[in-house]
Amino acid sequence: MKPRAAWEESPACACCGEPAVVYQPVTRRHLCGTHLVRDVEERVLATIQEFGQIHTGDRIAVALSGGKDSTALLVILSRLLSVWPGASLVAITVDEGIAGYRADTMRAAESLTGRLGVEHRTVSFCELIGEDLDTLLLGRETQACTICGILRKKALADAARATGATAIATGHNLDDEAQSVLMNAFRGDLPRLVRTTGTGTSAAFLPKIKPLMAIPEKEIASYLFVQDLFSVLPECPYTKYALRAEVRTLLSAYECRHPGTMQHLIESKRTIEKYCAGTPVMESLHRCRECGDPCSGDFCQVCRLRHSLGK
């Protein structure tokens, strides 16, 4: 008997019977490349519509790091954009100034926006605060993610407003969202735990939306891989200092043994949000006495950071 080819031994796609490339443990479905792409894009569209993340005439600033999540986000939004007449995209890449890391991802971002025909803007930490991240972190390496996160948000928000954006879209996926829930629970940080994110609703800040928040990280990687859009890029050298790295390992292992764990965490967060609705768990917003940005105290995070860095 003639031996079967390797591809013939693959499980069959639940939709068409072709060899599958991915298995979805929660739905217990195998999908081929074609139906994986269709499934991911349909679920992203469903998320956007469920939470009212994009509307007719919107200008969406896509935070494009060049990594897999933001790459998938820009590709998907560029394909779905016609659903909202008059809507447009602008990709924004923040150059933190990380040696051996950011240059490669910026080239990937430039290549992708050129291929898709999407407007691309870049902004750097040097423009924002006068020095790159590597310099700012000398002797403060363990604070890398905190400092970078504060400055990235500010740089992205300023650049988005300058382009006339009505909302900022980030590539946070299901894994990211579940990790955040667990991290906030570990910290006992109720205000952050119940903060509504990814819906596009915000009175004081430029709204942020997360169209990929229902898609697992592995499916995003597979989505890009089957379309020859996946690029192997270096990892940020400061990741080793992040609490998120530990939580990621813990949660991934648990998800493997108990499929659906991440989605259950997200659902638990939404339940807690409903119980806390109308309860003053969040601090009231004010205006920063120095720069005028909205904040919960006398000074915003960026200005407090400037002071601590002697800027």
Side-chain angles (χ1 to χ4, degrees), residues 13-15 20-27 29-92 109 112-113 115-118 160 165-181 196-201 207-231 255 260 262-263 265-267 269-270:
C13 174
C15 299
V21 298
V22 72
Y23 176 64
Q24 299 174 324
V26 175
T27 63
R29 294 195 310 169
H30 289 91
L31 294 178
C32 67
T34 298
H35 284 100
L36 169 65
V37 170
R38 184 178 303 173
D39 181 67
V40 168
E41 293 178 358
E42 288 177 351
R43 286 153 64 200
V44 170
L45 177 59
T47 294
I48 294 172
Q49 293 177 329
E50 178 183 359
F51 294 102
Q53 294 182 343
I54 300 178
H55 305 89
T56 297
D58 273 350
R59 180 164 171 78
I60 306 299
V62 180
L64 180 65
S65 69
K68 67 181 186 310
D69 298 316
S70 62
T71 293
L73 175 63
L74 188 63
V75 169
I76 293 171
L77 290 185
S78 69
R79 293 175 179 174
L80 297 178
L81 200 62
S82 61
V83 173
W84 304 280
S88 62
L89 300 175
V90 55
I92 298 175
L112 179 66
T113 52
R115 189 185 320 171
L116 298 177
V118 174
T166 55
I168 298 172
T170 63
H172 292 87
N173 56 47
L174 176 64
D175 299 51
D176 296 325
E177 293 297 281
Q179 290 158 17
S180 293
V181 173
T196 301
T197 60
T199 63
T201 56
K208 292 183 175 64
I209 61 174
K210 301 177 182 179
L212 303 185
M213 63 184 185
I215 313 297
E217 183 177 20
K218 289 182 179 178
E219 289 186 34
I220 291 173
S222 299
Y223 171 88
L224 294 175
F225 188 79
V226 299
Q227 299 179 86
D228 197 27
L229 293 171
F230 187 90
S231 298
E255 176 72 26
M262 293 187 188
Q263 185 57 46
L265 277 171
I266 302 301
E267 291 168 358
K269 168 185 164 63
R270 291 173 184 164

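Residue numbers start at 1 and run along the sequence shown.
- Residues Gln227 and Val37 are in side-chain contact: their nearest non-hydrogen atoms beyond the backbone lie under 4.5 Å apart.
- Between His30 atom NE2 and Leu36 atom CG the span is 12.5 Å, to the nearest 0.5 Å.
- Between Leu212 and Gly171, the shortest heavy-atom contact is CD1-O, 3.9 Å.
- For the pair Gln24/Arg29, a side-chain contact is recorded, criterion being any heavy-atom separation below 4.5 Å from C-beta on.
- A 4.5 Å side-chain heavy-atom check between Ile76 and Tyr223 finds at least one atom pair inside the cut-off.
- Judged purely by atom type and a 3.5 angstrom limit, Thr166 uses its side chain to pair as donor or acceptor with the backbone of Arg59.
- Contact check for Pro211 versus Val44: side-chain heavy atoms found under the 4.5 Å cut-off.
- The minimum heavy-atom distance linking Ala165 with Ala61 is given by the pair CB-CB, 3.7 Å.
- Counting heavy atoms from C-beta on, the side chains of Glu219 and Leu31 never come closer than 4.5 Å.
- Side chain of Glu255 to main chain of Gly260: a donor-acceptor pair is present (N/O by atom type, distance under 3.5 Å, no hydrogens or angles).
- In this structure, the separation between CG on Asp176 and NZ on Lys210 is 8.0 Å, given to the nearest 0.5 Å.
- Taking both residues in full, the closest heavy atoms of Val181 and Leu265 are given as CG1-O, 3.9 Å, listed atom of the first, atom of the second, then distance.
- Here the closest non-hydrogen pair linking Gly67 and Ser70 is O-OG, 3.4 Å.
- A distance of 10.5 Å separates CD in Gln49 from NE2 in His55, rounded to the nearest 0.5 Å.
- One distance of note links OG1 of Thr170 with CE of Met213; it measures 10.0 Å at 0.5 Å rounding.
- Results of the side chain to side chain contact (heavy atoms under 4.5 Å, CB included) test with Trp84 over Ile48, Asp58, Ile60 single out Ile48 as the only residue that passes.
- Looking at Leu74, Val118, Leu73 one by one, the single match for side chain to side chain contact (heavy atoms under 4.5 Å, CB included) with Leu64 turns out to be Leu74.
- The CG atom of Leu112 lies 8.0 Å from the OG atom of Ser78; values are rounded to the nearest 0.5 Å.
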Inset, instruction - In sequence, state the C-alpha distance, the side-chain angles, and the governing distance for Ile54 and Leu77, and then conclude on side chain to side chain contact (heavy atoms under 4.5 Å, CB included). - result: CA-CA 10 Å; Ile54 300 178; Leu77 290 185; 4.0 Å; yes

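- Between Pro216 and Asp175, some side-chain heavy-atom pair lies under the 4.5 Å cut-off.
- Closest heavy-atom contact between Lys68 and Ile220: O-CG2, 4.0 Å.
- Using a 4.5 Å cut-off on side-chain heavy atoms (C-beta onward), Ile266 and Met262 make no contact.
- For the residue pair Ala214 and Arg43, the shortest heavy atom distance occurs at O-NH2, 3.5 Å.
- Below 30°, between 30° and 60°, or above 60°: for Phe230 and Phe225 the angle between ring planes is above 60°, a perpendicular geometry.
- We find the CG-CG distance between Asn173 and Asp69 to be 4.5 Å, quoted to the nearest 0.5 Å.
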